[in-house]
Amino acid sequence: MKYIKMLDSGVLNINLSLRVQEEINKLEKKGYVFIDLKLIAYSNDETRAWIIYSD
(Lines give C-alpha, C1' and ligand atoms only; values in the text may rest on other atoms or scores of the structure.)
Protein backbone atom coordinates (compact mmCIF):
# COMPACT_ATOMS: atom_id res chain seq x y z
CA MET A 1 0.00 0.00 0.00
CA LYS A 2 1.25 3.53 -0.80
CA TYR A 3 1.23 6.41 1.68
CA ILE A 4 1.93 10.13 1.39
CA LYS A 5 3.51 12.33 4.05
CA MET A 6 3.38 16.10 3.50
CA LEU A 7 5.88 18.62 4.87
CA ASP A 8 5.79 22.42 4.59
CA SER A 9 8.66 24.88 4.77
CA GLY A 10 6.37 26.97 6.98
CA VAL A 11 6.48 30.63 7.80
CA LEU A 12 9.93 30.43 9.35
CA ASN A 13 11.33 28.84 6.16
CA ILE A 14 13.02 26.09 8.14
CA ASN A 15 15.40 24.00 6.02
CA LEU A 16 12.91 21.75 4.25
CA SER A 17 15.51 19.54 2.55
CA LEU A 18 16.98 18.55 5.92
CA ARG A 19 13.52 17.84 7.34
CA VAL A 20 12.65 15.71 4.29
CA GLN A 21 15.84 13.66 4.62
CA GLU A 22 15.25 13.13 8.35
CA GLU A 23 11.67 12.04 7.70
CA ILE A 24 12.74 9.58 4.97
CA ASN A 25 15.35 8.13 7.36
CA LYS A 26 12.70 7.70 10.09
CA LEU A 27 10.33 5.96 7.68
CA GLU A 28 13.06 3.60 6.44
CA LYS A 29 14.01 2.71 10.03
CA LYS A 30 10.36 1.74 10.59
CA GLY A 31 10.56 -0.61 7.58
CA TYR A 32 8.87 1.56 4.95
CA VAL A 33 10.25 1.87 1.42
CA PHE A 34 10.80 5.32 -0.11
CA ILE A 35 9.20 5.59 -3.57
CA ASP A 36 9.19 9.21 -4.70
CA LEU A 37 9.44 12.85 -3.65
CA LYS A 38 7.37 15.68 -5.10
CA LEU A 39 8.23 19.33 -4.44
CA ILE A 40 6.09 22.39 -5.13
CA ALA A 41 7.44 25.94 -4.75
CA TYR A 42 4.90 28.72 -4.28
CA SER A 43 5.35 32.39 -5.19
CA ASN A 44 5.33 33.42 -1.51
CA ASP A 45 8.63 31.51 -0.92
CA GLU A 46 6.86 28.55 0.65
CA THR A 47 7.75 25.05 -0.44
CA ARG A 48 5.74 21.89 0.10
CA ALA A 49 7.10 18.36 -0.14
CA TRP A 50 5.21 15.10 -0.54
CA ILE A 51 7.08 11.95 0.46
CA ILE A 52 5.56 8.88 -1.18
CA TYR A 53 6.39 5.59 0.50
CA SER A 54 5.15 2.03 0.79
CA ASP A 55 5.09 -0.75 3.35
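- In this structure, M6 belongs to a hydrophobic cluster whose other members, linked by side-chain heavy atoms under 4.5 Å apart, are I4, I35, I40, Y42, W50, I52.
- For K26, there are no side-chain hydrogen bond (donor to acceptor under 3.5 Å, both in side chains) partners, not counting sequence neighbours.
- L18 belongs to no multi-residue hydrophobic cluster, having no ILVMFWY side-chain contact under 4.5 Å with any other such residue.
- In this structure, CG in L39 is found 7.5 Å from OG1 in T47, a value given to the nearest 0.5 Å.
- The two atoms that bring L16 and S9 nearest to each other are CD1-N, 4.1 Å, heavy atoms only.
- Rounded to the nearest 0.5 Å, atoms CE (M1) and OH (Y32) are 11.0 Å apart.
- Summarising the geometry, atom CD belonging to Q21 is positioned 11.0 Å from atom CG belonging to N15; distances are rounded to the nearest 0.5 Å.
- Contact record, Y53 with F34: CB-CA, 4.3 Å, taken as the closest heavy-atom pair.
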ask   = So Y3 and D55, side-chain contact (heavy atoms from CB on, under 4.5 Å) or not? Walk me through it.
value = CA-CA 8 Å; Y3 304 95; D55 52 3; 3.2 Å; yes

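- Separation of atoms CD1 (I51) and CZ (R19) is listed at 9.0 Å; rounding is to 0.5 Å.
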